[in-house]
Number of protein chains: 2
Amino acid sequence: MASDDQAVPVFPKPVTLRDVAARAGVSVATASKALNDQGRMTAETRERIRETARSLGFRPNSLAQSLLRRRSFTVGLLTNDTYGRFSLPLMSGISDALVDAGVSVFLCNVEEDPRLGQLHVEAMLDKRVDGIIATGKRIDRHLPVDLSDLRVPVIYAFTQPDPDAIAFVSDDAGGARLAVEHFCRLGRRRIAHVSGPASFAVVPSRAQAYRDVLEEHGLPAMEPLLGSWSEAWGHEAVARLFDGGAEKPDAVFCGNDQIARGVIDALRERGLGVPNDVGVIGFDNWEIVAEATRPPLTSVDMNLAALGREAGLTLLSLVGGKPAAPGIRKLPCRLVVRQSCGHPMDG
Amino acid sequence: MASDDQAVPVFPKPVTLRDVAARAGVSVATASKALNDQGRMTAETRERIRETARSLGFRPNSLAQSLLRRRSFTVGLLTNDTYGRFSLPLMSGISDALVDAGVSVFLCNVEEDPRLGQLHVEAMLDKRVDGIIATGKRIDRHLPVDLSDLRVPVIYAFTQPDPDAIAFVSDDAGGARLAVEHFCRLGRRRIAHVSGPASFAVVPSRAQAYRDVLEEHGLPAMEPLLGSWSEAWGHEAVARLFDGGAEKPDAVFCGNDQIARGVIDALRERGLGVPNDVGVIGFDNWEIVAEATRPPLTSVDMNLAALGREAGLTLLSLVGGKPAAPGIRKLPCRLVVRQSCGHPMDG
DNA sequence: CGATTAAGGGAAAACCTTTTCCCAGCTAAG
DNA sequence: CTTAGCTGGGAAAAGGTTTTCCCTTAATCG
């Protein structure tokens, strides 16, 4: 048994402010002030203490600081997006905005499980997070947790907020406009729209933007084809669009990149060239999909990282005590042009 | 200015042990003991204190506990896998293993940036994480941070460990065996292997397993085709396999799901039926890809969530002071059978 | 009835840092 | 020489909890 001891690594005791003070021959109070640029002392004393701290490798214990300041420099990110398709770009933006302020992020995946949600929220609250950001995989659904009346500020990003909360979402309608207007500018005349289930809030909102833009350009709007978010539906939609006797579209704006992928593949199978015969634009700009289509897919990017940054910075200012008006802030999307949408048709 | 005040929400002061003690008419010491099932007191006193705590909604301040116990009940997960394709399943397993122990996870994406890595590691160390799990998007690469000589235990998962560290990785060779043996069992006789760049450690290791299994079954091994991890390479590989005059394969084992997808699509374009003419198996079991292929893709799953669980539990026991032998632990993969591999050929 | 012992509960230290006050010593003004 | 004022630095409280030790009271034993 005793011989096992050598196998368990022993970690050195962290050096405390006390150690620094003792080594420098001053009180902890003075040491603290020296390191924080506070209080009065000779420049020489201050530098001596600093040098001592450096040489000892002193790092202040964040827990002690937090306890005193009632601020832990941590925030929680709550999500139910297991695959992280939306959460991770968001997380990346949040982290980016916060890391320089010394704030770390707890990532909590609550799936669809209220018990798990409760568990995570309580754990975070106990750890005195400074705030919570809630996000999800669907913009029109609540997380399976109640975040009202928490003791900390809460910000919603890319998910349905409680009333009177602060929320950041992408401007879906604006994103759709970007795509359809791009087609118009390129000279496409018969632009179709293939999207997901009507039960998703983004679907009607993008569809409306689609209709609006076409009307503004005096072009005919076709009835949006609503189905599922899958490639398979993209295939089927192409069949519906091109099998009938009706006039064929020369462009398809898709509700996500997987549908777009299905559309592109189906078009090719029919001998229709993308983008020459039919232009295609997707939504989400999921690079792994968008770059694998042939040709590479033009797609609307929701700027999730930027959205995360905004959310992070806003939370930070909220934590700092600055008030912020409740409400929903829509952040613009961005069209990432690759090859599937084609070039101007006449030139 | 003053009228703005109503806009900033005021959060109620958390209730402390002191409050509970005062309300119950005992000292904080007694209150603490009552809530932690320690010390001696009448059952009646204990229950009264507990009831008071409940009614006040008391939750112990984790920071204070951590300070005292020198244990923060947090761990850090370090990754450079921006898209979270590998990190997130892992994270999910880790979180799963730890949440019941009240441990929360800091997720830190360090990209490929040593400065960012340093920043995150220092932030975590300052926050007195109990341990760190390092992971990445590639099993044979280091993160851009130095994790040796940290003051906390470190565990590597799905990434290259420092020597003498504890690491969990998936058993790639075993996974490859699973796939190839499955083909053999199904009666396939000419099994090809299409994989990624030789510079990835997993590539030769899976290729060797491929050769071994074929030899064990007395079947001919073809030279593995190495290229990139993309669909496009899957396409090209099919051209190479089926254009020459050589005998055509009746099965293709692919190094990842994207290659497999490319292979399946290319086979269909040539009029070859999957799985009847050619069976296909992928690697990674990335559901979003595996379920979108036609037919759905049979694939090797690396069990990353389970790997995460193991890593989490091991870290926990390490934090608890139990020694663990350094070294690399390989966890078995699992074959997820869908339709692309076909049924037994003769019956 | 006196002496032990056990039971119930409290005081205080400890964890580590920050911050507010205060004190001693010195200089300059009156 | 006295007094006010400044300077450099320290003591102590605060933040919230846990834990060790101690004290008081009641019960048991001889």
Side-chain angles (χ1 to χ4, degrees), chain A residues 11-50 52-53 56-74 102 123 125-130 151, chain B residues 11-50 52-53 56-74 102 123 125-130 151:
Chain A
F11 299 103
K13 259 198 160 32
V15 16
T16 74
L17 189 57
R18 221 198 187 77
D19 302 332
V20 175
R23 189 72 169 294
V26 296
S27 71
V28 286
T30 305
S32 171
K33 283 181 283 198
L35 298 177
N36 295 315
D37 249 331
Q38 306 252 322
R40 293 171 317 198
M41 67 197 66
T42 51
E44 186 250 330
T45 306
R46 197 180 291 277
E47 192 42 49
R48 175 166 46 92
I49 296 173
R50 290 210 164 140
T52 313
L56 258 46
F58 169 74
R59 311 231 68 204
N61 184 329
S62 198
L63 294 171
Q65 292 180 322
S66 300
L67 188 56
L68 204 54
R69 294 182 174 152
R70 289 190 194 71
R71 176 123 160 47
S72 66
F73 292 89
T74 60
L125 252 27
D126 287 351
K127 294 194 173 86
R128 294 309 194 260
V129 290
D130 297 332
R151 301 186 320 244
Chain B
F11 300 103
K13 257 199 161 32
V15 14
T16 73
L17 188 58
R18 222 197 186 78
D19 302 332
V20 174
R23 188 73 168 293
V26 296
S27 71
V28 287
T30 306
S32 170
K33 283 180 283 199
L35 298 177
N36 294 317
D37 249 331
Q38 306 253 322
R40 294 170 315 197
M41 69 198 68
T42 51
E44 186 250 331
T45 306
R46 197 180 289 276
E47 192 42 49
R48 175 166 48 90
I49 296 174
R50 290 207 166 145
T52 312
L56 259 45
F58 169 73
R59 311 231 67 204
N61 184 329
S62 199
L63 295 171
Q65 293 180 321
S66 300
L67 188 57
L68 202 55
R69 293 182 174 153
R70 288 189 194 72
R71 177 122 159 47
S72 66
F73 292 90
T74 60
L125 252 27
D126 287 349
K127 294 194 173 88
R128 294 310 194 257
V129 290
D130 296 332
R151 302 187 318 247

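Numbered from 1 within each chain, the chains take letters A, B, ... in sequence-line order.
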Holding to side-chain hydrogen bond (donor to acceptor under 3.5 Å, both in side chains), I want the full list of residues that pass it with A/Q38, two or more places apart in sequence or in another chain. none

Residue list, side-chain contact (heavy atoms from CB on, under 4.5 Å) with A/R46, at least two apart or on another chain: A/A34, A/D37, A/M41, A/R50

A/S66: what forms a side-chain hydrogen bond (donor to acceptor under 3.5 Å, both in side chains) with it, not counting sequence neighbours? none

Does a side-chain N or O from A/T42 land closer than 4.0 Å to OP1 or OP2 of D/dG8, or not? no

Spacing of B/M41 atom CE relative to D/dT25 atom C1', expressed in whole Å: 17 Å

Contact interval (first through last nucleotide) of DNA chain C with protein chain B, 4.0 Å heavy-atom: C/dA7 to C/dC16

Using the side-chain contact (heavy atoms from CB on, under 4.5 Å) criterion, which residues pair with B/A24? Sequence neighbours excluded. B/V26, B/R48, B/I49, B/T52

Partner set under side-chain contact (heavy atoms from CB on, under 4.5 Å) for A/R40, not counting sequence neighbours: none

For the student: nearest non-hydrogen atoms of B/L35 and B/F58, plus distance: CD1-CE2, 3.6 Å

Stems of at least 3 consecutive Watson-Crick or G-U wobble pairs (donor-acceptor distances under 3.5 Å) involving DNA chain D, listed by first number, are C:1-30 with D:1-30

d(CZ, A/R40; C1', D/dG10) in whole Å: 13 Å

Results of side-chain hydrogen bond (donor to acceptor under 3.5 Å, both in side chains) for B/N61 - residues two or more places apart only: none

Detail all sub-3.5 Å separations between protein N/O atoms and N/O atoms belonging to nucleotides 16-18 of chain D.
unit_1	atom_1	unit_2	atom_2	d
D/dT17	OP1	B/N61	N	3.1
D/dT17	OP2	B/L17	N	2.3
D/dT18	OP1	B/N36	ND2	3.4
D/dT18	OP1	B/Q65	NE2	2.8
D/dT18	OP2	B/S32	OG	3.0
D/dT18	OP2	B/N36	ND2	3.2

A/S32: what forms a side-chain contact (heavy atoms from CB on, under 4.5 Å) with it, not counting sequence neighbours? A/L17, A/N36

Sugar-phosphate only, base, or nothing, as touched by B/T45 at under 4.0 Å among non-hydrogen atoms: sugar-phosphate

Go through the structure and list residues passing side-chain hydrogen bond (donor to acceptor under 3.5 Å, both in side chains) with B/S62, not counting sequence neighbours. none

With B/R71, which residues qualify under salt bridge (charged side-chain N to carboxylate O under 4.0 Å, His left out), at least two apart? B/D130

